[in-house]
Amino acid sequence: MESSEIYHIKQQFILGAYKSLLNVPLPDVNSPDYDAALLYKARSHIALNDPASALKLIPEDSENVALKAVASLARYVAATESAAKDAALEELRDLSVEIEDEAEGTERAKALVRVLAGTAFARAGEVEEALETLGTETEDLEAVAVIVQVYLSINRPDLAKKQFERSKRWAEDDLLLQLIESNIGLVTGKDGYSNSQSFYTEQLANPSMTSPHLLTARGVTRLLRNEIQEAKSDLEEALHQNKDDAETLAAIVVAGGLGALKKNETEEYWSQLASAHPEHPLVVDVNQKAEAFDELLAKFSVPPPISV
């Protein structure tokens, strides 16, 4: 049974209130809550694209398999060379095998190793390995949340829905389950995105849980509902709170393309996104299309004028 303090930290993490979570001091090192709080803090640093701070938090000699997995994920995110990324992925593969030994860690720690490893594999484009590691029959709700994100990322909302429906049979109606439902609704457009918008608006009403992540999610929902100016307001507020967030920058570029911003403002946000986050799917997609256009243009020759 988790304490009220850990419950609150978990809720903040689920809703992306990472900066608020990081402002909460760690409990005493001898407290039974210490490792759980440390894990959420380290994961929050990774989510904020600050893996170096996550690594500083984690003791190098820790025997906790979940802390080892967080450190490996941080090393993967921090790596700039393919060899370093591959090494971090191998660490997570080794840990995924290690936890099959019943003596290695608690069930919660083992479940978290699978979530962290699955997250890294998904980020690396190893979709099958991610799903196999997470286990599509799992009864760990955090693993289900990642599985749903993987399915949505490969345009399989049908499989994402099956995971959600399966989870409702055994999971409590908690915040993460509601978030999973809202994420699926955001992709499928169920009921005109009304459920997703209501969920994000409800959570934003709680000052201790509000975050740029929620503002961006509601902003995207409003874009999909053609509420362009309202979306612009949400996205600008999200950037005010976290000016370098990749998803917010991508969303406001889209809003700009729909007329919410002046052309030069949209171009500035695009330059910021492309420069700071060159691996973002939107940047990769646009660059690929630009390259394809240039290749076709190079093959095109203007025919000589026709003499009359």
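Numbering of residues begins at 1 and proceeds along the displayed sequence.
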* Could you tell me whether the side chain of T119 reaches within less than 4.5 Å of the side chain of L116, counting heavy atoms only? => no
* To do: Calculate, to the nearest 0.5 Å, the distance between atoms CD and CD belonging to E267 and E265 respectively.
  => 10.5 Å
* To do: Answer with yes or no whether the hydrophobic clustering places L159 together with I154; edges join I, L, V, M, F, W, Y residues whose side-chain heavy atoms lie under 4.5 Å apart.
  => yes
* Do the non-hydrogen side-chain atoms of L204 and E237 ever get within less than 4.5 Å of each other? -> no
* Asked: Does some side-chain heavy atom of E227 sit less than 4.5 Å from a side-chain heavy atom of Q197?
  -> yes
* To do: Taking all heavy atoms of L73 and all of A120, pick out the closest pair and write down the distance.
  => CD1-CB, 3.8 Å
* Side chain of R166, backbone of T138: donor and acceptor closer than 3.5 Å? -> yes
* To do: Decide whether L176 and L152 are clustered together by the hydrophobic rule: side chain heavy atoms of Ile, Leu, Val, Met, Phe, Trp, Tyr closer than 4.5 Å, transitively.
  => yes
* Asked: Run the salt bridge (charged side-chain N to carboxylate O under 4.0 Å, His left out) check on E279 and K85 step by step: do they pass?
  -> CA-CA 14 Å; E279 296 183 0; K85 285 184 178 292; 5.2 Å; no
* Which pair of heavy atoms, one from M209 and one from A17, lies closest together, and at what distance? -> O-CB, 3.6 Å
* To do: Please check if any side-chain donor atom of S53 sits under 3.5 Å from a side-chain acceptor atom of D50, or the reverse.
  => yes
* **Residue pair V254 / L258, side-chain heavy-atom distance below 4.5 Å** => yes
* Under 4.5 Å between side-chain heavy atoms, hopping through other hydrophobics if needed: is there a path connecting Y40 to L67? -> no
* Can you establish whether the number of heavy atoms outside E128 located under 6.0 Å from its atom CD is more than 12? => no
* Asked: Donor-acceptor pair, S72 side chain versus K68 backbone, under 3.5 Å?
  -> yes
* So, the side chain of R225 versus the backbone of G192: is there a donor-acceptor pair under 3.5 Å, distance only? -> yes
* Between S211 and L15, is there a donor-acceptor pair closer than 3.5 Å when you use the side chain of the first and the backbone of the second? -> yes
* **Check: T136 main-chain N/O paired with Q163 side-chain donor or acceptor under 3.5 Å** => yes
* **Interatomic distance, S31 atom OG to I6 atom CD1 [nearest 0.5 angstrom]** => 7.5 Å
* **Distance in Å, D244 CG paired with L273 CG, rounded so as to fall on 0.5 Å steps** => 10.5 Å
* Do Y7 and Q11 have side-chain atoms, one donor and one acceptor, less than 3.5 Å apart? -> yes
* To do: Give a yes or no on whether the backbone of T248 and the side-chain of D245 come within a donor-acceptor separation of less than 3.5 Å.
  => yes
* Asked: Does the side chain to side chain contact (heavy atoms under 4.5 Å, CB included) test come out yes or no for I180 and N183, once each step is laid out?
  -> CA-CA 5 Å; I180 292 170; N183 289 341; 5.7 Å; no
* **Point-to-point distance, once rounded to the nearest 0.5 Å, from CG of L38 to CD1 of I58** => 6.5 Å
* Test salt bridge (charged side-chain N to carboxylate O under 4.0 Å, His left out) on R222 and D234 and set out the steps. => CA-CA 9 Å; R222 285 175 159 172; D234 278 346; 3.0 Å; yes
* **Pairing of K162 and D158 as salt bridge, 4.0 angstrom limit** => no
* Asked: Does the pair T188 and K161 meet the rule for a side chain to side chain contact (heavy atoms under 4.5 Å, CB included), with working shown?
  -> CA-CA 10 Å; T188 61; K161 287 180 186 176; 3.7 Å; yes
* 4.5 Å side-chain heavy-atom contact, L131 and F121 -> no
* Minimum heavy-atom distance W170-L141, with the two atoms named -> CH2-N, 3.9 Å
* At their closest point, which heavy atom of L134 faces which heavy atom of R114, and how far apart are they? -> CD2-O, 3.4 Å
* With side chains defined as the heavy atoms from C-beta onward, is the minimum distance between H8 and E5 less than 4.5 Å? -> no
* Starting from the C-alpha separation in whole Å, work towards a yes-or-no answer on side chain to side chain contact (heavy atoms under 4.5 Å, CB included) for N226 and I228. => CA-CA 5 Å; N226 201 33; I228 307 300; 3.7 Å; yes
* **Test side chain to side chain contact (heavy atoms under 4.5 Å, CB included) applied to V144 and F164, step by step** => CA-CA 8 Å; V144 171; F164 172 68; over 6 Å; no
* To do: For the pair F13 and Y18, name the ring-plane relationship: parallel under 30°, tilted 30 to 60°, perpendicular over 60°.
  => perpendicular
* For E81, look at atom CD and say whether over 12 heavy atoms of other residues, nucleotides or ligands are found less than 6.0 Å away. => no
* **Heavy atoms of other groups near R123 CZ, more than 12 under 6.0 Å** => no
* Starting at CG of N287, measure out to NE2 of H280 and round the result to the nearest 0.5 Å. => 12.5 Å
* Donor-acceptor contact present, side-chain S182 to main-chain S196, <3.5 Å -> no
* Asked: Do other residues, nucleotides or ligands put more than 12 heavy atoms under 6.0 Å from E90 CD?
  -> yes
* Minimum heavy-atom distance between Y193 and G185, given as atom pair plus value -> CD2-O, 3.6 Å
* Asked: Salt bridge check: are R93 and E129 linked by an N-O gap of less than 4.0 Å?
  -> yes
* Donor-acceptor contact present, side-chain T266 to main-chain K262, <3.5 Å -> yes
* To do: Quick one: pull up CD in Q241 and OG1 in T210 and give me the separation to the nearest 0.5 Å.
  => 6.0 Å
* Asked: Quick one: does S233's side chain have a donor or acceptor within less than 3.5 Å of a partner on E230's backbone?
  -> no
* Start with the C-alpha distance between R108 and E142, add both sets of side-chain angles, then the distance that settles salt bridge (charged side-chain N to carboxylate O under 4.0 Å, His left out), and finish with yes or no. => CA-CA 11 Å; R108 176 59 195 142; E142 195 169 354; 2.9 Å; yes
* **K19 side chain vs N242 backbone, donor-acceptor pair below 3.5 Å** => no
* Where do Y34 and P27 come nearest, in terms of heavy atoms and distance? -> CD1-O, 3.3 Å
* Single-linkage hydrophobic cluster, 4.5 Å side-chain cutoff, L175 and V148 together -> yes
* Please check if any side-chain donor atom of Q272 sits under 3.5 Å from a side-chain acceptor atom of E268, or the reverse. => no
* Within a radius of less than 6.0 Å around NZ of K190, do more than 12 heavy atoms belonging to other residues, nucleotides or ligands occur? -> no
* Decide yes or no for H277 and V283: does some side-chain heavy atom of the first lie under 4.5 Å from some side-chain heavy atom of the second? => no
* Report whether L215 and Y269 are members of the same hydrophobic cluster (ILVMFWY, side-chain heavy atoms less than 4.5 Å apart, transitive linking). => no
